[in-house]
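Letters A, B, ... are given to chains in the order of the sequence lines, protein chains preceding strands, and every chain is numbered from 1.
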There are 4 protein chains.
Amino acid sequence: MIVVMRSNCSQDEISRVVKRIEEAGLKGHISQGIEHTVIGVLGQTFSELRDALELLSGVEQVIPVSKPYKLASREFHPQNTIVKVNDIVIGGDEIVIMAGPCAVESEEQLLVSAREVKAAGANILRGGAFKPSTSPYSFRGLGKEGLKLLARAREETGMPVITEVMTPNDVELVASYADILQIGARNMQNFILLDEVGKTRKPVMLKRGLSSTIQEWLLAAEYILAQGNEQLILCERGIRTFETYTRNTMDVSAIPIIKKVSHLPIIGDPSHATGKWYLVAPLALAAVAAGADGLMIEVHPNPDQALKDGAQSLTFDNFQRFMTQLAPIAEAANRKLVASNLKVKS
Amino acid sequence: MIVVMRSNCSQDEISRVVKRIEEAGLKGHISQGIEHTVIGVLGQTFSELRDALELLSGVEQVIPVSKPYKLASREFHPQNTIVKVNDIVIGGDEIVIMAGPCAVESEEQLLVSAREVKAAGANILRGGAFKPSTSPYSFRGLGKEGLKLLARAREETGMPVITEVMTPNDVELVASYADILQIGARNMQNFILLDEVGKTRKPVMLKRGLSSTIQEWLLAAEYILAQGNEQLILCERGIRTFETYTRNTMDVSAIPIIKKVSHLPIIGDPSHATGKWYLVAPLALAAVAAGADGLMIEVHPNPDQALKDGAQSLTFDNFQRFMTQLAPIAEAANRKLVASNLKVKS
Amino acid sequence: MIVVMRSNCSQDEISRVVKRIEEAGLKGHISQGIEHTVIGVLGQTFSELRDALELLSGVEQVIPVSKPYKLASREFHPQNTIVKVNDIVIGGDEIVIMAGPCAVESEEQLLVSAREVKAAGANILRGGAFKPSTSPYSFRGLGKEGLKLLARAREETGMPVITEVMTPNDVELVASYADILQIGARNMQNFILLDEVGKTRKPVMLKRGLSSTIQEWLLAAEYILAQGNEQLILCERGIRTFETYTRNTMDVSAIPIIKKVSHLPIIGDPSHATGKWYLVAPLALAAVAAGADGLMIEVHPNPDQALKDGAQSLTFDNFQRFMTQLAPIAEAANRKLVASNLKVKS
Amino acid sequence: MIVVMRSNCSQDEISRVVKRIEEAGLKGHISQGIEHTVIGVLGQTFSELRDALELLSGVEQVIPVSKPYKLASREFHPQNTIVKVNDIVIGGDEIVIMAGPCAVESEEQLLVSAREVKAAGANILRGGAFKPSTSPYSFRGLGKEGLKLLARAREETGMPVITEVMTPNDVELVASYADILQIGARNMQNFILLDEVGKTRKPVMLKRGLSSTIQEWLLAAEYILAQGNEQLILCERGIRTFETYTRNTMDVSAIPIIKKVSHLPIIGDPSHATGKWYLVAPLALAAVAAGADGLMIEVHPNPDQALKDGAQSLTFDNFQRFMTQLAPIAEAANRKLVASNLKVKS
């Protein structure tokens with residue numbers, strides 16, 4: 001932490017800043033510039049001290065130097081984290097495809113979707129049993145019944161399932177059915193929920209909040225890691241901007257940034273980012289070209305009959321066509337699709 | 001809901017749209033424009049239908065016409081909602097002042113704050129027992145111990161207390177101590193928490209999310225109202241923009257907009273909106289001039305020793321000075337401070 | 001400027017940073033922290049050096065310490081700048097009201113508007129002769145003819161006039177008619193235009209760009225000041241955010257921030273900020289309560305017949321009513337309206 | 001245009017709306033919904049009418065239905081626009097690479113850059129002679145001298161050159177040297193400049209403004225097209241959001257959107273979008289995977305000595321390595337690099 005003093009500050013003001021730093025058990029190191037005196041704070045700082053120093057007379061600004069997260073940083077953990085779900089490796093050389101309907105609606109809808117996305121090359125089945133909804137009058141998911149249908153689809157297809165958990169009380173229930181626990185964008189800073197999924201030993205996928213900086217996202221990841229759960233995946237799903245053509249703006253640059261500053265795998269979700277099915281394929285290809293470790297794609301047997309987010313869902317045909325486009329892009333990016341392996345195995 | 005067809009759409013495409021509308025149990029009304037055919041949807045529409053229609057071939061866009069919230073709208077409830085907490089009326093002619101420390105830190109810190117803010121004219125004591133924090137390594141509040149201290153401060157000063165509840169499991173506990181339950185900005189779309197506080201009959205104050213539109217905020221309010229709790233207050237606390245000088249940008253225009261489209265009272269929170277103590281007074285005055293029903297202000301005995309958000313807290317002296325500035329602005333806005341009444345009473 | 005080195009950097013990397021600083025004719029001052037080595041740059045830095053240092057191996061980040069603007073800063077010029085236009089003082093104790101139609105449309109429209117806004121207490125007549133328009137098919141102003149009409153209105157009413165200049169070539173022409181040259185939000189970073197109005201000795205009002213930080217705005221002001229024109233006024237007119245209810249979000253906090261970091265007067269423009277006439281009065285009152293030196297308000301004889309921005313224009317009646325609300329707010333903020341003085345004089 | 005009436009509006013209010021529509025020479029078509037009466041406006045509408053109707057009593061909102069741009073839309077011009085610069089085709093099957101230094105600094109710097117980027121596969125040389133700068137104290141370009149150096153580099157390498165024109169007065173001068181005129185992001189709504197470059201018959205590349213919607217961008221394009229210049233290229237270079245890690249957020253989704261709603265070619269500029277050289281390659285690959293027709297990349301012989309934007313510039317080595325990564329991605333996206341052709345020719 002660095003304290004920049006005002007250009008016209010007094011010796012007294014400088015002394016008081018140093019004294020306050022020492023009260024916090026740290027040391028202040030004065031450095032006299034031409035315009036400004038600058039005081040470096042030596043030792044383990046904390047955000048409350050920043051506030052405290054900013055309030056002292058003569059202080060112009062206080063600048064944090066260390067990153068506020070540790071466990072999520074690449075300095076702390078130089079190798080890539082690899083998350084394993086059965087035979088599937090997330091964060092390695094392969095591109096992992098999570099696909100399925102936005103919401104679990106019925107046994108038939110889910111099973112036919114599972115079969116079709118698997119046939120087209122998907123590796124993990126997605127489907128919401130508990131659905132967040134901006135309106136209290138909209139469909140909020142089948143709940144436990146939805147979880148059971150996901151388990152049945154896994155049994156039939158062999159695909160692991162990922163599904164959202166919305167509240168601490170449901171963590172145990174959802175963890176007993178799901179292979180990966182998803183934390184939705186609106187819950188990225190539901191800190192008690194983060195604690196709870198951190199206490200499980202299930203893989204977790206943490207979506208970026210709609211208006212979260214990358215640093216805040218990694219601090220949310222830190223909550224989960226700090227509870228001892230290292231099976232963590234990040235997911236970029238668009239941020240809120242002034243543009244209204246898309247539902248959100250997919251921040252593709254977050255992908256190489258996460259790869260640089262963190263060791264965690266990162267997945268792109270172009271369905272939620274764009275809100276329009278015809279933008280899903282180009283943004284998915286972009287995410288993989290930029291270095292994403294996988295994709296989450298919404299697919300529905302009849303998007304125009306979907307109970308949730310039909311406008312952003314691919315039909316089976318569109319998904320299959322997309323997978324055909326994806327393979328060469330993945331290869332050009334020196335990655336391969338998991339599917340190609342699994343086919344070899346079977 | 002209005003469906004705008006592409007300029008070159010076919011008769012067949014129009015028929016299919018009308019058919020899909022009828023499948024949903026509604027009626028379609030075709031209107032032939034010069035460039036576009038437009039189909040009005042008659043009957044109670046829902047957001048899934050919008051998605052469905054947007055996917056049909058020949059459709060250019062689907063435009064919702066009705067507001068998605070009902071109970072929160074002024075059309076539904078033309079008179080202002082009045083929330084009563086003991087003798088204090090929120091949403092009437094008087095400006096209500098909620099003040100106190102960001103976090104409850106100790107008995108002494110809370111009691112001295114309570115006495116001082118009351119003496120300066122505050123009506124309701126604020127103080128966080130459960131504190132959301134972007135970092136897992138920061139102070140997260142005293143929990144139940146903090147609630148007990150709030151109760152003690154209420155006993156001594158007679159001021160009702162407002163405090164945040166962060167998770168559904170804590171609603172019963174917090175409601176047994178607090179006079180007003182606060183839902184924080186990060187929890188504005190924690191839908192299960194909204195349901196829970198909606199089931200209580202305690203007054204609730206719902207803060208606007210950092211990146212929430214006014215419509216989404218009113219939909220979150222709708223969750224609480226839909227559970228039968230009509231004792232609801234809104235609170236504008238700044239939205240996220242590209243500007244970095246302030247922590248957030250206080251959207252002062254949200255105040256008159258809420259007054260126009262809704263019947264709910266609205267409070268301004270300039271402490272969280274700006275993040276800097278010297279901006280609190282001007283923004284608080286602005287909020288009242290724009291029509292706010294009250295203010296929430298952070299005050300701390302020693303901001304430079306605060307465990308939380310010291311940089312945005314007023315000292316007792318600064319709070320007192322602010323209250324002196326506020327009185328004439330309130331009067332000029334044809335409002336009065338609650339304090340002036342209570343003094344008459346005692 | 002402060003260079004923060006990576007935690008694991010080598011002595012060699014540190015030496016190369018110091019060498020690069022010395023090549024720029026400056027001195028580096030090494031300070032060894034616990035996690036990071038930090039190198040202070042002593043001497044007059046410049047933004048290209050920041051880029052250069054950020055590229056060196058071992059560097060984590062480079063943090064500028066000095067503000068990039070000088071002439072616009074309050075450190076450089078501690079007293080408030082006072083801009084005088086005839087007898088009217090902008091930036092003193094009085095609140096100045098600029099009012100009139102968005103665009104000059106006809107002699108009658110302008111003259112009747114001028115008379116009415118003057119009668120209600122306005123001090124300066126606004127009216128666009130050159131109008132920026134997002135569409136090439138919309139009305140773009142009467143041009144020189146509009147300037148002549150403004151001059152005629154000034155002659156009749158005695159009010160000085162403010163009007164926009166859009167391009168360097170027109171500066172001489174507009175300056176020969178106008179009392180204050182307005183630079184619109186879209187031209188805030190039209191640097192050649194800034195140079196040109198900086199070379200005149202006419203008062204200039206510089207609107208904040210839709211997506212400009214306060215620092216960029218002050219750097220744009222610096223362009224004008226650097227050319228020797230100190231008769232400069234700033235105008236907050238809303239920034240672009242995700243909220244769609246209003247056209248832009250008026251950043252009321254910019255008003256006290258400008259007062260703190262700069263010496264320049266600041267005006268609020270709630271008409272452009274909100275885009276809706278019924279939000280103009282509350283936001284105007286808020287701006288004055290927050291410390292604005294004046295307001296710019298659009299008024300039109302028949303808003304529903306206006307060629308430009310009718311939806312945000314007040315009728316004469318609404319403007320008059322607003323002025324009645326404004327007077328007590330101004331007084332409560334320890335300011336007074338210019339009008340009250342002038343009335344005494346006449 | 002569709003006028004939605006309030007749910008409780010009177011017959012009189014409806015009649016007045018219809019009357020106002022007829023005064024504008026158009027026809028109103030009433031459609032009675034269950035909650036709302038809706039009035040369709042038949043005929044060629046205009047934005048002033050929208051404002052006018054919104055002001056009428058009983059009106060809830062006015063919704064534009066037609067797109068405000070025509071010439072830039074794909075409906076009007078279904079085939080892709082192809083821009084030809086000598087032998088280079090922009091908007092066809094090939095990916096065009098524009099590369100070179102941010103600013104022209106010296107003959108040597110430019111010539112060595114031109115040779116190196118050509119050798120690595122670039123097709124068009126970029127280099128700024130007139131440079132916009134947020135600070136009046138920064139380097140603003142060599143001006144006419146820079147244009148001459150660009151011409152010399154073209155002569156030597158055979159590469160066409162693209163360079164920015166900042167003000168209407170310079171259009172003729174810049175057009176006499178450059179092969180493509182660039183309009184920078186800050187000038188996207190410098191309408192008089194758009195008119196001027198529209199009057200030339202030189203290819204123009206129009207960058208998206210930092211806070212411009214896609215619709216506003218296409219309206220700016222419309223200005224140029226409306227003057228008869230159809231040789232127009234769009235360039236996405238990042239928009240302003242709350243994220244601070246990158247300078248701007250590259251809106252990759254703008255690429256497929258432009259392809260859908262317009263016929264104009266679109267280029268991605270990852271250098272300005274990210275502001276960090278190590279993010280340039282991943283975002284460039286993403287842009288091509290998403291369908292971009294080309295890229296603009298900053299390359300500098302010694303980024304750490306650059307007079308402008310060194311932090312975002314690639315070294316020659318990095319550029320060469322990037323081009324090697326790009327080729328397979330382009331092929332996977334069914335495109336090829338221009339370079340491969342030209343090599344065959346020579």
query: Could you name the residues of residues 58-71 of chain A that have a heavy atom within less than 4.5 Å of a heavy atom in chain B?
result: Pro68(A), Leu71(A)
message: On a heavy-atom basis, which atom in Leu55(B) and which in Gly310(A) lie closest, and how many Å separate them?
response: CD1-O, 3.3 Å
field: Atom NZ of Lys199(B) with >12 non-hydrogen neighbours under 6.0 angstrom
entry: yes
task: Return yes if a side-chain donor-acceptor contact under 3.5 Å exists between Asn169(B) and Asn169(A), otherwise no.
output: yes
- request: Using the test ring-ring contact (aromatic ring centres under 6.0 Å, His included), find all partners of Phe242(B) that sit at least two apart in sequence or belong to another chain.
  value: none
task: Find the one option among Arg140(B), Met166(B), Glu23(B) whose heavy-atom pairs under 4.5 Å with chain A are most numerous.
output: Arg140(B)
query: Just how far is it from atom CG of Leu53(B) to atom CG of Asp304(A), taken to the nearest 0.5 Å?
result: 8.5 Å
query: In terms of heavy-atom pairs under 4.5 Å, which option from Arg20(B), Gln215(B), Lys308(B) contacts chain A the most?
result: Arg20(B)
- line: Looking only at Ser133(B), Gly275(B), Ala24(B), most heavy-atom pairs under 4.5 Å shared with chain A are made by Ser133(B)
query: Quick one: what part of Asp309(A) sits under 4.5 Å from any heavy atom of chain B, side chain, backbone, both or neither?
result: both
message: Strictly less than 4.5 Å between heavy atoms, which residues of residues 206-214 of chain B line up against chain A? Please order them by number.
response: Leu210(B), Ser211(B), Ser212(B), Thr213(B)
message: I'd like to know if the side chain of Arg186(A) reaches the main chain of Met188(B), judged simply by a donor and an acceptor atom lying under 3.5 Å from each other, with no hydrogens or angles considered.
response: no
Which atom of Tyr137(A) lies closest to which atom of Ala226(B), heavy atoms considered: OH-CB, 4.4 Å
message: Taking the basic N atoms (NZ, or NE/NH1/NH2) and the acidic carboxylate oxygens, is any pair closer than 4.0 Å for Glu216(B) and Arg240(A)?
response: yes
task: Drop me the distance from Ser138(B)'s OG to Glu48(A)'s CD, to the nearest 0.5 angstrom.
output: 5.0 Å
- request: Sort out for me which of Thr241(A), Leu307(A), Ile239(A), Leu56(A) touches chain B most, counting heavy-atom pairs under 4.5 Å.
  value: Leu307(A)
query: Looking at CG of Leu193(B) and CG of Leu193(A), how far apart are the two atoms once the value is rounded to the nearest 0.5 Å?
result: 12.0 Å
Listed partners of Phe319(B) passing ring-ring contact (aromatic ring centres under 6.0 Å, His included), at least two apart: none
query: Which heavy-atom pair separates Gln189(B) from Thr134(A) by the least distance, and what is that distance?
result: NE2-CG2, 3.6 Å
- prompt: Can you check whether Ala311(B)'s main-chain N or O pairs, donor with acceptor, with Asp51(A)'s side chain at less than 3.5 Å?
  reply: yes
- line: Whatever's closer than 4.5 Å to a heavy atom in chain A on Leu49(B) counts as neither
- prompt: Taking all non-hydrogen atoms of both residues, which atom of Phe191(B) and which atom of Pro132(A) are closest, and how far apart?
  reply: CE1-CB, 3.7 Å
- request: Side chain from CB out, backbone as N, CA, C, O: work out which of these in Gln305(B) comes under 4.5 Å of a heavy atom of chain A, or both, or neither.
  value: both
